[in-house]
Every structure is written in C-alpha cells, then in structure tokens.
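Written out below as structure tokens is the structure these notes cover.
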Amino acid sequence: MGKDYYAPGSSYGAFAGRDASVPFCTGKFTAEEAEKSTEVLKSTELPGLVEWRDFYRAHNVYKFVGKLIDPRYYDDTGEPTPDMMVLQKRIQEARAEQALKSKIRREERLKKQKEKEAAQAKS
C-alpha cells in the first residue's frame with residue numbers, strides 16, 4: 001500500500017506531501033533534494049518531468065489520490081503561477097532542443113550509413 005512506501009522513514013517518505021520533481025529528475029531521493037526548486041534542473045533533465053508525469057498517469061498500480069497544493073506552481077484558485085509558466089516554457093524549450101538533437105544524430109547515422117554503402121559499392 002502507498003502508506004508503506006511514503007510513511008516517515010520509508011524509501012519514499014521524503015516525497016510525502018511535497019513536490020518531488022527534482023528528485024525524480026536527478027535520481028537523488030533525499031529530503032534535501034525534494035526541497036530544491038525546479039530552477040536547479042538542467043535543460044537535459046526537464047523532459048524527465050513530463051516522462052514521470054506520463055508514467056504515473058498511465059500506470060495501473062499507481063492511482064491518483066489528490067492534488068498537492070504548492071504555491072510555487074498554483075495559486076489559491078488553482079491557476080498556474082508565473083513560476084509554473086516559466087517552468088512549462090523551459091520544459092517546452094528543452095523538449096524542442098532534445099528533438100533537434102535526436103534529428104541531428106539520426107541524420108548523422110544515415111549519412112555514415114550511406115558513406116559506408118558507397119564505399120562498399122566501390123570495392
């Protein structure tokens with residue numbers, strides 16, 4: 001059960017009742033890491049936030065039980081704060097950068113493959 005995992009002193013106890021974005025992205029599962037702002041995340045770590053969100057949304061075992069009210073990201077009426085807007089923009093930019101890098105790597109692999117095939121055809 002969830003309480004076994006998130007109880008004080010348990011493996012995920014540092015996450016209970018707080019935003020765990022930074023630990024999920026860095027892999028450092030400590031209370032100190034959970035206190036950090038997402039501003040410390042590198043652009044290469046930001047897409048991990050969306051990956052973790054999507055993982056939990058689609059998972060059959062982990063069930064949604066409620067919302068974390070964190071004034072860094074949502075105001076009293078549930079509207080996104082300026083900090084959330086900045087975070088969303090950073091994530092969007094990081095994902096675009098990641099997609100561009102993947103495209104470049106794919107094109108480089110294709111170019112090398114074509115060069116290899118051309119060299120083989122000559123011999």
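Positions are given from 1 along the sequence.
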Residues in side chain to side chain donor-acceptor pair (under 3.5 Å) with [X], at least two apart?
| X | answer |
| --- | --- |
| S10 | none |
| K89 | E93 |
| R105 | S102 |
| D83 | none |

Residues forming a salt bridge (Lys or Arg N to Asp or Glu O under 4.0 Å) with E35, sequence neighbours excluded: R18

Partner set under salt bridge (Lys or Arg N to Asp or Glu O under 4.0 Å) for K28, not counting sequence neighbours: none

Enumerate the residue pairs fulfilling salt bridge (charged side-chain N to carboxylate O under 4.0 Å, His left out) with a member in residues 37-54, sequence neighbours excluded, ordered by first and then second residue.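 Matches after skipping sequence neighbours: none remain.
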
For the residue pair C25 and G48, what are the closest heavy atoms and their distance?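 Distance-wise, the nearest heavy atoms are SG-C, 4.0 Å.
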
Can you measure from CD (E97) to OG (S43) and round to the nearest 0.5 angstrom? 4.5 Å

List, by chain and number, the other hydrophobic cluster members for L41, where Ile, Leu, Val, Met, Phe, Trp and Tyr join if side-chain heavy atoms come within less than 4.5 Å, directly or indirectly.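 Members alongside L41: V22, V40, L46, L49, V50, Y73, Y74, M84, L87, I91.
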
Apart from I104 itself, members of its ILVMFWY cluster (side-chain separation under 4.5 Å) are L100

Relative to the ring of W52, is the ring of Y56 parallel (under 30°), tilted (30 to 60°) or perpendicular (over 60°)? parallel

Let me check something: any side-chain donor-acceptor pairs from residues 110-120 under 3.5 Å, sequence neighbours excluded? List them with distances.
unit_1	atom_1	unit_2	atom_2	d
Q113	NE2	E117	OE2	3.0

